[in-house]
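Values below: every heavy atom of this structure, side chains too, minus hydrogens, waters and symmetry copies. Just so you know, residue 1 is the first one in the sequence shown, and it goes up from there.
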Amino acid sequence: MARNYLPFARVLARSLEHSHPGTRLVVGLADKLDSSLDPAREPFSILTPAELGIPDVRSLSFRTTQREFAIALKPYLLARLLDENDSALFIDPDIVVLADLTSLFEAVRSHALTLVPHRLRPPTGSDRIERELVLHQAGAFNAGVVGVSRGESASAFLRWWQKRVDALCIHAVDRGVHYDQRWLDLPLGFVEDLHVHRDAGVNVAHWNLDERPLRI
């Protein structure tokens with residue numbers, strides 16, 4: 001994520017600590033550290049692009065916008081975390097955790113790759129086809145929640161994803177590209193241990209709010 005998302009990451013960290021005390025949150029920061037940011041005072045650990053093993057990070061940073069560069073770090077961050085952990089779950093910094101995520105954590109630990117679909121049921125209403133076309137453009141899965149567990153299958157997937165975002169991490173739906181997200185449609189064919197997590201409490205957002213049972 002870029003520095004402008006730090007306030008979101010702080011909220012995510014505190015919400016995660018409330019539901020899962022002691023869980024380690026690591027932020028992949030798409031900026032250099034300077035005196036304006038003290039990692040010791042943050043509720044999370046920080047990894048910079050230089051620490052993620054990107055083959056030519058300078059070239060990637062010059063070829064992309066700030067948003068594209070931050071998004072392209074994702075598969076490198078997950079691979080880096082697997083160097084030290086048996087599993088890793090990426091969560092977008094603008095997510096807030098409101099309840100227990102144990103079932104999601106268990107799924108990530110049990111499968112090479114865990115993905116979350118944008119929707120669990122087809123849209124309804126007079127605009128249902130238009131809404132499905134939007135999903136076609138964005139992709140079947142939301143790249144804001146991606147889990148991997150250590151093993152050759154996940155490592156091969158991450159190497160492939162790294163190469164794709166390095167070559168093309170842009171918003172060009174006319175070319176079938178939505179940053180890093182549309183690439184996630186393809187592992188259904190070549191990652192054998194791919195789990196689709198269909199928990200209605202995970203990944204609640206404006207595109208699926210109509211199918212989520214809500215209580216206030």
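- Qualifying salt bridge (Lys or Arg N to Asp or Glu O under 4.0 Å) partners for R24, counting only residues two or more places apart in sequence or in other chains: E84.
- R63 and S59 share a side-chain donor-acceptor pair at under 3.5 Å.
- There is a side-chain donor-acceptor pair under 3.5 Å between R3 and S36.
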(message) What verdict does the salt bridge (charged side-chain N to carboxylate O under 4.0 Å, His left out) test give for D83 and R80, after you've listed the backbone C-alpha separation in whole Å, the side-chain angles of each residue and the deciding distance to 0.1 Å?
(response) CA-CA 5 Å; D83 288 340; R80 175 69 171 76; 5.0 Å; no
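- At a threshold of 4.5 Å between non-hydrogen side-chain atoms, the residues P75 and V165 count as touching.
- With rounding to the nearest 0.5 angstrom, the CG atom of L115 is 10.0 Å from the CG atom of N142.
- Looking at N208, its side chain does come within 3.5 Å of a backbone N or O of N203 through a donor-acceptor pair.
- Of the possible donor and acceptor atoms, one in the side chain of Q181 sits under 3.5 Å from a partner among the backbone N and O of A138.
- Taking OG1 from T23 and CG from L89, the interatomic distance works out to 10.0 Å, rounded to the nearest 0.5 Å.
- Distance CG/L104 to NE2/H20: 8.5 Å, rounded to 0.5 Å.
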(request) Let me see the working for R119 and D210 under salt bridge (charged side-chain N to carboxylate O under 4.0 Å, His left out), right down to the final yes or no. (result) CA-CA 10 Å; R119 290 188 61 92; D210 61 300; 2.9 Å; yes
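- Side-chain contact between V116 and F141 is absent, with no heavy atoms from C-beta onward closer than 4.5 Å.
- R41 contributes no side-chain N or O that, together with a main-chain N or O of D38, makes up a donor-acceptor pair within less than 3.5 Å.
- For the pair R10 and F44, the cation-pi test (distance below 6.0 Å, angle within 45°) is failed.
- Both W161 and L73 are members of a single hydrophobic cluster when ILVMFWY side chains are connected at heavy-atom separations under 4.5 Å.
- Side-chain contact, T48 with E51: a donor N or O sits under 3.5 Å from an acceptor N or O.
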